[in-house]
Amino acid sequence: AQSVTQLGSHVSVSEGALVLLRCNYSSSVPPYLFWYVQYPNQGLQLLLKYTSAATLVKGINGFEAEFKKSETSFHLTKPSAHMSDAAEYFCAVSDRGNTPLVFGKGTRLSVIA
Amino acid sequence: DAGVTQSPTHLIKTRGQHVTLRCSPISGHKSVSWYQQVLGQGPQFIFQYYEKEERGRGNFPDRFSARQFPNYSSELNVNALLLGDSALYLCASGTDFNSNQPQHFGDGTRLSIL
């Protein structure tokens, strides 16, 4: 069975500071990993995906994530936070791109001016 | 091109009633999945349909059912509604079943049970 653990239900950073959102996964098969962002009253928007190619994945809005098999991690980073980054972020795992996703509980990112 | 569209956007029902939620996938997508997102939690998988056949089912009671139509749109039905069914219901569409392409989500239907 697959599972995802997101460390920290709420992360607060200052505008311009580094954003680091943590995600650890468990999977019995080579995983596909995703980060989605959810703004209030909206659905999920894909930020980036790892599908067994390059371990450093670049996504939209300046976000990137690094797949570390030895640590079973897929942490999301952004060098400089912007006010518009305030949202809920979800890490998810699946065994292929179009198979059921298993989500973490989410991390709410607040950006302080 | 239009994204995944869901209707209605909001719905209020009372306990014991029945509800039908609708989803239209991205043009060319043949797979539709349904997820339930309870407030403060991550989405949980309910069903996946591909080419009008059920390809996966999550750990939900038989009160939940779904189907996919020839045009690949889908309906999620929930019978005998409980207060705990209050949630955001998300639909996601995808391409081929074995594709490495990710799913794309709609904005969801917010279901409130009184």
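Naming: A, B, ... by sequence-line order, numbering from 1 per chain. Keep in mind that this is a model prediction, so the values were computed, not measured.
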**Student:** If you count the non-hydrogen atoms of other residues, nucleotides and ligands that lie under 6.0 Å from NZ in B:K52, is the total more than 12?
**Tutor:**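 More than 12 within 6.0 Å, yes.
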**Student:** Strictly distance-based, threshold 3.5 Å: is any side-chain N or O of B:D107 a donor or acceptor partner for the main-chain N or O of A:G43?
**Tutor:**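 Checked: pair present.
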**Student:** Under a 4.5 Å heavy-atom cut-off, does chain A meet the side chain of B:Q37, its backbone, both or neither?
**Tutor:**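 Side chain only.
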**Student:** Is there a side-chain contact between B:Q48 and A:L101 (heavy atoms, below 4.5 Å)?
**Tutor:**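 Sidechains of A:L101 and B:Q48: no contact.
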**Student:** Measure the spacing between CZ of B:R110 and CG of A:N41 and express it to the nearest 0.5 Å.
**Tutor:**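 These two atoms lie 6.5 Å from each other.
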**Student:** In the single-linkage hydrophobic clustering (I, L, V, M, F, W, Y; side-chain heavy atoms under 4.5 Å), do B:I113 and B:L88 co-cluster?
**Tutor:**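 Unlinked, B:I113 and B:L88 end up in two clusters.
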**Student:** Which bit of A:L46 comes within less than 4.5 Å of chain B, counting heavy atoms only: side chain, backbone, both or neither?
**Tutor:**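 Just its side chain gets close to chain B.
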**Student:** Quick check on B:N71: does its CG atom have over 12 non-hydrogen neighbours (other residues, nucleotides or ligands) under 6.0 Å away?
**Tutor:**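 It does: B:N71 CG has more than 12 such atoms within range.
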**Student:** Only pairs under 3.5 Å count here: list side-chain donor-acceptor contacts from residues 56-65 of chain A, not counting sequence neighbours, and write none if there are none.
**Tutor:**
residue : atom : partner : partner atom : Å
A:K58   : NZ   : A:E64   : OE1          : 2.8

**Student:** Taking every non-hydrogen pair under 4.5 Å, which of A:E88, A:Q38, A:R108 racks up the most with chain B?
**Tutor:**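 Ranked by heavy-atom pairs under 4.5 Å with chain B, first place is A:Q38.
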**Student:** In chain order, what residues pass the ring pair (Phe, Tyr, Trp, His ring centres under 6.0 Å) check against B:Y35, with sequence neighbours excluded?
**Tutor:**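 A:F103, B:F45, B:F105.
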